[in-house]
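Notes to accompany the following structure.
This chain uses plain numbering: 1 for the first residue, then up along the sequence. Whatever order the structure lists them in is the order used to number ligands and atoms, beginning at 1. This one's a predicted model, so the numbers in the text were calculated from it and none came from an experiment.
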Amino acid sequence: MPESPTISAVLSFEEARRAVAEQAAKIAKPPIESAELLSAAGRVLAEPVLADRDLPPFPRSTRDGYAVQSSDLSRVPAMLDVIGEIRAGEAPDKIPSHIGSHHTASIMTGAPVPDGADAVVMVEYTSSHGNQVQVSRSVAPGENIVPRGAEAQNGSLLIERGVRLNDAAIALAASVGKSQLQVYKRPRVAVLTTGDEIVDIECTPGPTQIRNSNTYSLAVQIQRAGGEPVLLPIAPDEPRKLRSLIEQGLQSDLLLITGGVSMGRYDLVEQVLSELHAEFFFTGAKIQPGRPAVFGKCGAGAPACEKVATYFFGLPGNPVSTMVTFELFARPVLEALAGMHPSKLKFVYAKLKSEIRVKPGLKRFLPAILSGEFESSEVELVPWQGSGDIAATARANCYIVIPPDREQIPAGEFVAILPRTV
Ligand code: AMP
Ligand code: MG
């Protein structure tokens with residue numbers, strides 16, 4: 001008699017997300033390694049990055065123009081004596097020590113503004129006359145100058161631990177001279193696809209066989225979320241072989257299983273995990289696609305193994321269900337294992353192009369196309385044959401989110417959409 005899961009719980013979408021967040025918060029930080037600045041892009045920072053001096057290190061002119069005392073320009077036009085020129089990177093001993101009243105120095109963008117001057121007037125509002133310049137516009141105190149230390153003070157925190165390093169963060173680290181960064185090691189995420197009908201992509205499928213695509217969509221999603229995919233062989237719908245591959249997958253930091261979690265006679269994943277004394281946090285979520293998704297934790301199998309219990313997800317085998325449930329549930333756990341603060345789901349709103357009618361009761365994430373730009377953007381569902389339709393989903397660039405209490409949404413209404421990450 002197969003053992004049944006310790007808890008059989010079909011949760012609402014929000015409850016399931018909370019269950020995931022609760023577990024993600026318990027995950028310890030991963031080990032640390034060093035990375036060259038450029039290869040740290042996309043990695044998770046494991047050390048605080050501090051300002052190594054004031055930023056900017058001097059009062060910086062943001063324009064090409066003339067450094068002035070703004071009070072000299074309370075009445076314009078005004079004639080000022082030009083006492084020097086300050087280029088970006090000018091040696092300190094070549095910079096006028098002081099700009100007095102009715103004096104000025106021409107100055108370039110990125111050059112240090114000398115003492116005495118409290119504004120820079122743009123070159124466009126001046127005309128040069130030998131050693132003098134005529135200024136036709138007044139300026140407010142501070143105009144076109146970024147004061148020393150206004151962006152960051154020496155020693156202050158610029159990037160905190162746990163941040164995924166994007167282009168701006170890499171630029172900031174470069175600006176404080178970090179050619180190496182401490183980053184967290186990527187978690188290893190085992191991918192186990194199940195099903196007697198599933199064959200490797202190198203094989204020619206028989207008439208009723210299906211090529212394995214879920215392993216590949218998951219591998220891409222894992223990499224994008226900061227993990228390292230570990231691809232296991234395809235598991236048949238046979239308990240012993242499935243159990244041995246699940247035990248192998250539990251040696252990784254996270255195990256993602258696809259298929260075998262529905263109600264069919266050969267959907268054996270929950271049964272096998274129960275035999276391994278798994279703890280289940282949910283065994284379904286009221287969503288479409290992806291209703292049978294399973295989340296739990298399980299010891300690593302081999303009794304000699306010291307490894308703490310491994311989180312696992314049983315994701316429904318339909319390819320679109322696998323993709324959607326990864327984003328909704330597996331991603332936060334993977335991000336926590338990668339040392340990140342798990343990111344929130346980011347929804348944007350767009351105008352619906354054509355009416356939607358659905359049965360109420362499930363929160364739906366349906367493949368859709370967002371088109372147009374700015375005020376003319378609109379979104380519509382992609383016609384599809386259900387959650388096995390990878391071709392329709394590949395044409396989509398987002399998912400429309402339909403709340404469980406809506407049966408009809410008229411064209412013209414603003415709907416929430418979950419953008420597809422590229
Ligand atoms: P299951 O969740 O095992 O009931 O599978 C649901 C549907 O997804 C079936 O039509 C399977 O053939 C299909 N499927 C399962 N695993 C994969 C896979 N790795 N690649 C493509 N399709 C799959
Ligand atoms: Mg199956």
Side-chain angles (χ1 to χ4, degrees), residues 2 4-5 8 10 16 189-223 227 229-246 248-249 252 254-275 278 280 282-296 312-330 362 364-367 384-396 399:
S4 58
S8 178
V10 178
V189 183
V191 180
L192 177 59
T193 216
T194 71
D196 284 339
E197 78 282 28
I198 310 299
V199 294
D200 276 326
I201 55 173
E202 289 81 14
C203 299
T204 306
T208 56
Q209 290 180 320
I210 301 290
R211 288 196 186 92
N212 173 18
S213 63
N214 288 346
T215 291
Y216 301 96
S217 56
L218 281 175
V220 171
Q221 289 175 293
I222 289 164
Q223 281 171 336
V230 177
L231 309 187
L232 296 175
I234 297 167
D237 294 320
E238 187 278 304
R240 262 190 312 163
K241 186 78 182 129
L242 179 61
R243 178 174 171 147
S244 138
L245 284 166
I246 286 179
Q248 202 178 318
S252 287
L254 174 64
L255 168 61
L256 303 182
I257 306 163
T258 86
V261 287
S262 316
M263 298 301 288
R265 189 178 298 166
Y266 300 100
D267 289 324
L268 304 171
V269 167
E270 283 172 68
Q271 176 197 320
V272 168
L273 283 160
S274 297
E275 285 167 15
F280 290 86
F282 59 78
T283 55
K286 291 178 192 153
I287 59 168
Q288 192 229 0
R291 195 172 198 280
V294 170
F295 173 39
F312 64 81
F313 286 88
L315 307 177
N318 265 316
V320 189
S321 311
T322 306
M323 285 183 242
V324 168
T325 49
F326 175 91
E327 289 302 323
L328 300 181
F329 303 129
L362 298 175
R364 293 172 201 265
F365 299 83
L366 302 183
W384 73 332
Q385 301 302 317
S387 51
D389 192 344
I390 320 178
T393 307
R395 287 193 290 276
Y399 299 97

Checklist entry - Short list, please: which atoms of ligand 1 are under 4.0 Å from a heavy atom of Arg211? => result 20 (N), 21 (C)
Checklist entry - Relative to the heavy atoms of Gly259, which atoms of ligand 1 are at a distance of less than 4.0 Å? => result 1 (P), 2 (O), 3 (O)
Among all protein heavy atoms, pick the one closest to [atom] and tell me residue, atom and distance.
atom	value
atom 19 (N) of ligand 1	Thr193 OG1, 2.7 Å
atom 1 (P) of ligand 1	Gly260 N, 3.7 Å
atom 18 (C) of ligand 1	Asn214 ND2, 3.2 Å
atom 6 (C) of ligand 1	Asn318 N, 3.6 Å
atom 23 (C) of ligand 1	Gly317 O, 3.4 Å

Calculate, to the nearest 0.5 Å, the distance between atoms [atom1] and [atom2] belonging to [X] and [Y] respectively.
X	Y	atom1	atom2	value
Asp389	Arg395	CG	CZ	6.5 Å
Tyr399	Glu327	OH	CD	7.5 Å
Thr193	Leu232	OG1	CG	10.0 Å

Checklist entry - Heavy atom under 4.0 Å from ligand 1: found in Ile198's side chain, backbone, both, or neither? => result side chain
Checklist entry - If you measure from each non-hydrogen atom of Glu197 to ligand 1, which part falls under 4.0 Å: side chain, backbone, both or neither? => result side chain
Checklist entry - Which atom names give the shortest non-hydrogen contact between Asn214 and Thr322, and what distance separates them? => result ND2-OG1, 3.3 Å
Test item, [X] contacting ligand 1 (heavy atom, 4.0 angstrom):
X	value
Asn212	yes
Gly388	no
Ser262	yes
Ser213	yes

Next on the checklist: Check this for me: Tyr216, atom OH, are more than 12 non-hydrogen atoms of other residues, nucleotides or ligands nearer than 6.0 Å?
Outcome noted: yes
Item to check | Check: Leu231 and Pro229 side chains under 4.5 Å, non-hydrogen atoms | outcome: yes
Checklist entry - So do the side chains of Thr325 and Phe313 get within less than 4.5 Å of each other, counting heavy atoms only? => result no
Checklist entry - Are the side chain of Asn212 and the backbone N or O of Thr215 linked by a donor-acceptor pair below 3.5 Å? => result yes
Next on the checklist: Would you call the rings of Phe280 and Phe312 parallel, tilted or perpendicular, taking 30° and 60° as the class edges?
Outcome noted: perpendicular
